[in-house]
Amino acid sequence: MSGGERLSKGKVFALGLLLFAMFLGAGNTIFAPMVGQGAGEDMWLPMSGFLITGVGLVLLAIIALSMCGGDVEVLASRVSSKFSAVFCLLLFLALGPLYVIPRTTSVVYEITVKPSLSADLAAGPWALLVFSLVFTVLSVWLSLNPSKLVDRIGKAITPVFTILLAIIVIRSLIAPMGDPQPAVAPYTEHPFFLGFTDGYGTMDALAALVFAAVFIQSIRGLGVTSKRGIAMTFLKAGLITVVGLALLHISLAWIGASSVEAIGRPDNGGELLAEASRQLLGYPGVLMIGGVILLTGLTTNVACITCVADYLAKKFPKLGYRGWMLLVAGVGFVFANFGLTLVLSTALPVLYLLYPVGMTLIVLALCDRLFGGYRAVYVGAIVGATAIAIIDALKAAGVAVDQLDSWFSFIPFFSAGAGWVVPAVLGGLIGFIVATTGRHPHPDRASELTEARS
């Protein structure tokens with residue numbers, strides 16, 4: 001098959017399901033229900049923003065990566081090599097021990113174990129400690145012994161997970177737990193932008209920057225090798241994924257919106273999903289979704305541990321792959337024991353820093369030809385986005401929130417958490433003016449792709 005030859009509809013559909021499976025995990029099902037609970041009968045506006053960052057940006061990220069060889073370091077190096085090193089290190093740490101690994105462990109505990117515990121045991125630290133220790137040890141063991149077991153579990157569990165979620169959603173439509181309630185704070189102000197930033201929590205778009213290479217390799221394995229062919233295949237398969245993820249998140253938001261009368265307002269999405277399953281399907285429903293969440297979370301943890309350890313071992317080889325794997329898993333275990341609610345809130349500053357920068361890189365990669373690929377445009381846009389992202393991260397950490405809001409209120413959308421957009425655009429425009437008036441040379445993207453593949 002030549003690089004420009006089209007794949008059959010069946011193969012494109014199969015790739016779409018593969019891509020969907022890559023982003024259907026235990027950890028990213030807990031956010032939309034909380035948006036639904038908070039926004040209630042007005043959930044459509046925040047969910048529109050949520051779907052942009054939680055779904056649409058995933059597709060754009062993968063298409064952008066397909067244009068630069070599937071390597072996020074290559075994309076980030078268009079700004080500078082130092083920026084690439086710092087951004088990618090933070091990205092992999094968030095994907096591993098700082099966020100995704102403890103989040104996954106905590107979600108599995110909240111949905112699989114906690115509903116079966118007595119109130120006293122659930123309130124104490126020991127149950128989470130014992131579970132997270134066993135779960136982490138099992139994840140490390142599977143990571144130390146690479147085999148097709150985890151891949152097979154993932155392929156088998158994805159359709160089961162999808163079917164079970166569909167059963168819960170259908171049940172919630174046929175026999176709702178209650179009526180959606182009026183929106184409560186903070187969804188009463190700037191609901192669209194709040195949903196937009198809530199989508200950061202899924203981390204799917206940032207994960208796409210890391211795992212896009214896996215999907216690109218799958219496409220090349222089918223004989224599509226040209227940059228345009230890969231991008232078009234991504235687009236077609238990605239539309240299937242986007243539709244699937246959008247339906248999933250909207251359905252989960254509906255479950256959250258209709259659950260307030262029956263289960264109140266839980267502290268986090270894991271607890272909400274577990275209690276909603278109990279209400280809709282009884283205790284057997286809790287056991288079923290708990291078993292699926294357990295296996296799905298296990299495959300997610302193994303993927304993140306191995307991916308992050310491999311990256312760190314390449315950058316800092318003295319400790320070695322196994323040493324980094326144990327360290328990554330150990331740090332994730334420690335953070336998981338702070339509990340899901342604290343894990344999510346503690347990770348917010350990192351997400352508020354990384355997401356605007358990641359989104360800016362994605363847009364720049366997609367528009368690379370329009371501005372000639374000038375490095376100055378990349379630098380200007382990233383500087384503008386990063387400057388405000390740092391301030392947003394400080395706000396998310398609770399540092400001088402009122403003062404920062406007062407000082408920077410002149411920036412459009414700043415109070416809504418999207419103040420980085422205009423500075424990124426202005427920075428890019430300034431960079432373009434500098435590049436064109438200074439007659440900067442156009443970069444050689446062909447050699448960049450060659451280096452990425454070598």
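If you read the sequence from its start, that first residue is 1, and numbering goes on from there.
The line from CD1 of Ile101 to OG1 of Thr105 is 7.5 Å long, rounded to the nearest 0.5 Å.
With sequence neighbours left out, the salt bridge (charged side-chain N to carboxylate O under 4.0 Å, His left out) criterion links Lys314 to Asp310. For Arg171, there are no salt bridge (charged side-chain N to carboxylate O under 4.0 Å, His left out) partners at least two apart in sequence or on another chain. Among residues two or more places apart in sequence or in another chain, the salt bridge (charged side-chain N to carboxylate O under 4.0 Å, His left out) test is passed with Lys236 by none. Partners of Phe31 according to the ring-ring contact (aromatic ring centres under 6.0 Å, His included) rule, which considers only residues two or more places apart in sequence or in another chain, do not exist here. In this structure, Glu271 has no salt bridge (charged side-chain N to carboxylate O under 4.0 Å, His left out) partners at least two apart in sequence or on a different chain. Ile391 pairs by the side chain to side chain contact (heavy atoms under 4.5 Å, CB included) definition with Ile388, Leu404, Phe408, Phe414, not counting sequence neighbours. For Phe193, the ring-ring contact (aromatic ring centres under 6.0 Å, His included) partners two or more places apart in sequence, or in a different chain, are Phe413. Phe135 is linked by a ring-ring contact (aromatic ring centres under 6.0 Å, His included) to Phe131, counting only residues two or more places apart in sequence or in another chain. Residues passing the ring-ring contact (aromatic ring centres under 6.0 Å, His included) test with Phe196: none are found, sequence neighbours excluded.
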Side-chain polar contacts of residues 35-48 - donor-acceptor pairs under 3.5 angstrom, sequence neighbours left out - could you list them?
{"from": "Gln37", "atom 1": "NE2", "to": "Ser259", "atom 2": "OG", "distance (Å)": "2.9"}
{"from": "Gln37", "atom 1": "NE2", "to": "Gly264", "atom 2": "O", "distance (Å)": "2.8"}
{"from": "Ser48", "atom 1": "OG", "to": "Trp44", "atom 2": "O", "distance (Å)": "2.7"}

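In terms of heavy atoms, Val58 sits closest to Ala205 at CG2-N, 3.8 Å. The shortest non-hydrogen separation linking Ile30 to Gly270 is CG2-N, 3.7 Å. Closest approach of Val379 to Val79, counting heavy atoms only: CG2-O, 3.6 Å. Taking all atoms of both residues into account, the shortest heavy-atom contact from Leu95 to Ala207 is CD1-CB, 4.1 Å.
Counting only N and O atoms by type, the side chains of Tyr321 and Thr306 include no donor and acceptor under 3.5 Å apart.
The environment of Glu261 atom CD is dense: over 12 non-hydrogen atoms of other residues, nucleotides or ligands sit within 6.0 angstrom.
In terms of modelled atom types and a separation under 3.5 Å, the side chain of Ser80 and the main chain of Phe83 share a donor-acceptor contact.
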**Verdict with reasoning, Thr197 to Tyr355, per side chain to side chain donor-acceptor pair (under 3.5 Å)** = CA-CA 9 Å; Thr197 53; Tyr355 249 92; over 6 Å; no
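Applying the salt bridge (Lys or Arg N to Asp or Glu O under 4.0 Å) rule to pairs touching residues 112-138 yields Glu110-Lys114, sequence neighbours excluded. Sorted by first then second residue, the side chain to side chain donor-acceptor pair (under 3.5 Å) pairs that include residues 336-347, not counting sequence neighbours, are Ser132-Asn337, Asn268-Thr341.
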